[in-house]
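The structure appears right after this line, and notes come after that.
Lettering of chains follows the sequences in order, A, B, ..., and the numbering in each one begins at 1.
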Number of protein chains: 2
Amino acid sequence: MSQFSLDDFLPYQLAVVSARVSREFSQIYAEHFDMSVPEWRVLVHLHNAGPVSIREIQARVDMDKSKVSRAASRLEKAGFLTKETNADDRRLLKLGLTEQGYARMEQIIPLANKFEQELLERMGADTDGFRETLLKLLKDNT
Amino acid sequence: MSQFSLDDFLPYQLAVVSARVSREFSQIYAEHFDMSVPEWRVLVHLHNAGPVSIREIQARVDMDKSKVSRAASRLEKAGFLTKETNADDRRLLKLGLTEQGYARMEQIIPLANKFEQELLERMGADTDGFRETLLKLLKDNT
DNA sequence: GCATACTCATATCACTTGCAACGATATCAG
DNA sequence: CTGATATCGTTGCAAGTGATATGAGTATGC
């Protein structure tokens, strides 16, 4: 009969830690502002990249296109971004932050940095090695 | 104006890696057997712990009690476990694997071990340090 | 002993999710 | 050009989710 310890199973450990961390962070901005994880990701990307399409965000932010689309619609309704069609290729949208969108990011980014700082302190030494190893897990093994 | 890179944001990296790994693994057993992550976790715990209550599983396996309850119901319908009421405290259930449940675990555990092995190889050196650091992120900061 | 508060598992609610299908636009072969 | 094929963003749908309510069972205080 096989032995197996869930507690020691790496995919499980990753899932638990990720879920906890994600929840802690989302509580921070759900408390101050009313925002979901997909919305946060879309805002961040627009903040960095300037006007881009849904497709672009989908690729860079690891979310399904319908998720991006719905997040974008909510953000538009809330006044944080605008949608216009790309004149060069009218299948594409051009999403851009509004003044309000930039202002919101200016509020959130310090909170995000502070939260990450706290995480790093919890982790203690060798955070660089940790992150390096973490990213190795992304390698496609087909 | 603040700078912020989502790609370098630890909670984001964790979420992406965890989602990918989880998906890769679940494809393995969704392909062979028809099973979700919550079902897998419940089965594993029963395999290790013997007959226990929903509450017990909830606590040990990091899932909401409604999630456990629903996973258990699906597994019961599929014939992998049985529910009976605990005679000593009739609020509690006693969930136990059936023969079929044990047989299924004997099929899956080798696949799980193989998958984890592949992950560890991808990670390269210092996997122990990585796991140690990973778990430090769990520390409750209230 | 009996009312009250608590605990366990399930049911219900509003909401999110991934997937597939769709309409609109763009590209390409002939 | 024109018909076939591909891509973009949205939407419909079935399934899953967490939070809360519910109902049955148990423990506690007086």
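- Within residues 32-58 of chain A, the residues approached by DNA chain D to less than 4.0 Å at the level of any non-hydrogen atom are Ser53(A), Ile54(A), Arg55(A), in residue-number order.
- Summarising the local packing, CZ of Arg60(A) is surrounded by 12 or fewer heavy atoms from other residues, nucleotides or ligands at distances under 6.0 Å.
- Applying the salt bridge (Lys or Arg N to Asp or Glu O under 4.0 Å) rule to Glu106(A) yields no partners; only residues at least two apart in sequence or on another chain are considered.
- For Arg70(B), there are no salt bridge (Lys or Arg N to Asp or Glu O under 4.0 Å) partners two or more places apart in sequence or in a different chain.
- Residues Lys94(A) and Thr82(A) bring no donor and acceptor atom of their side chains to less than 3.5 Å of each other.
- Here Asp89(A) pairs with Arg91(A) under the salt bridge (Lys or Arg N to Asp or Glu O under 4.0 Å) rule; sequence neighbours left out.
- Near DNA chain D, defined here as any heavy-atom distance below 4.0 Å, the residues from residues 63-71 of chain B are Asp64(B), Ser66(B), Lys67(B), Arg70(B), listed numerically.
- Between the side chains of Ser53(B) and Glu56(B), no donor-acceptor pair is found at a separation under 3.5 Å.
- Contacts between residues 72-81 of chain B and DNA chain D, counted as heavy-atom distances below 4.0 Å, involve no residue at all.
- Atom CD in Glu76(B) sits 10.5 Å away from atom OG1 in Thr98(B) (nearest 0.5 Å).
- Shown here are the salt bridge (Lys or Arg N to Asp or Glu O under 4.0 Å) partners of Arg55(A), two or more places apart in sequence or in another chain: there are none.
- Counting non-hydrogen atoms of neighbouring residues, nucleotides and ligands closer than 6.0 angstrom, the NZ atom of Lys114(B) reaches no more than 12 such neighbours.
- Every residue two or more places apart in sequence or in another chain that forms a side chain to side chain contact (heavy atoms under 4.5 Å, CB included) with Asn48(B) is listed here: Val44(B).
- Sorted by first then second residue, the ring-ring contact (aromatic ring centres under 6.0 Å, His included) pairs that include residues 41-83 of chain B, not counting sequence neighbours, are His47(B)-Tyr102(B).
- Looking only at side-chain heavy atoms (C-beta outward), Thr85(A) and Leu92(A) stay at 4.5 Å or farther from each other.
- Remark: side-chain polar atoms of Ser18(A) are not paired, donor with acceptor, to backbone N or O of Ala15(A) under 3.5 angstrom.
- Asp7(B) and Ser5(B) share no donor-acceptor pair across their side chains, judged by distance under 3.5 Å alone.
- Sorted by residue number, the members of residues 83-96 of chain A with any non-hydrogen atom under 4.0 Å from DNA chain C read Asp89(A), Arg90(A), Arg91(A).
- Residues satisfying the side chain to side chain contact (heavy atoms under 4.5 Å, CB included) test with Ala112(A), not counting sequence neighbours, are Phe25(A), Trp40(A), Phe4(B), Phe9(B).
- First and last contacting nucleotides of DNA chain C toward chain A (any atom under 4.0 angstrom from a heavy atom, 5' to 3' order): dT17(C) to dA26(C).
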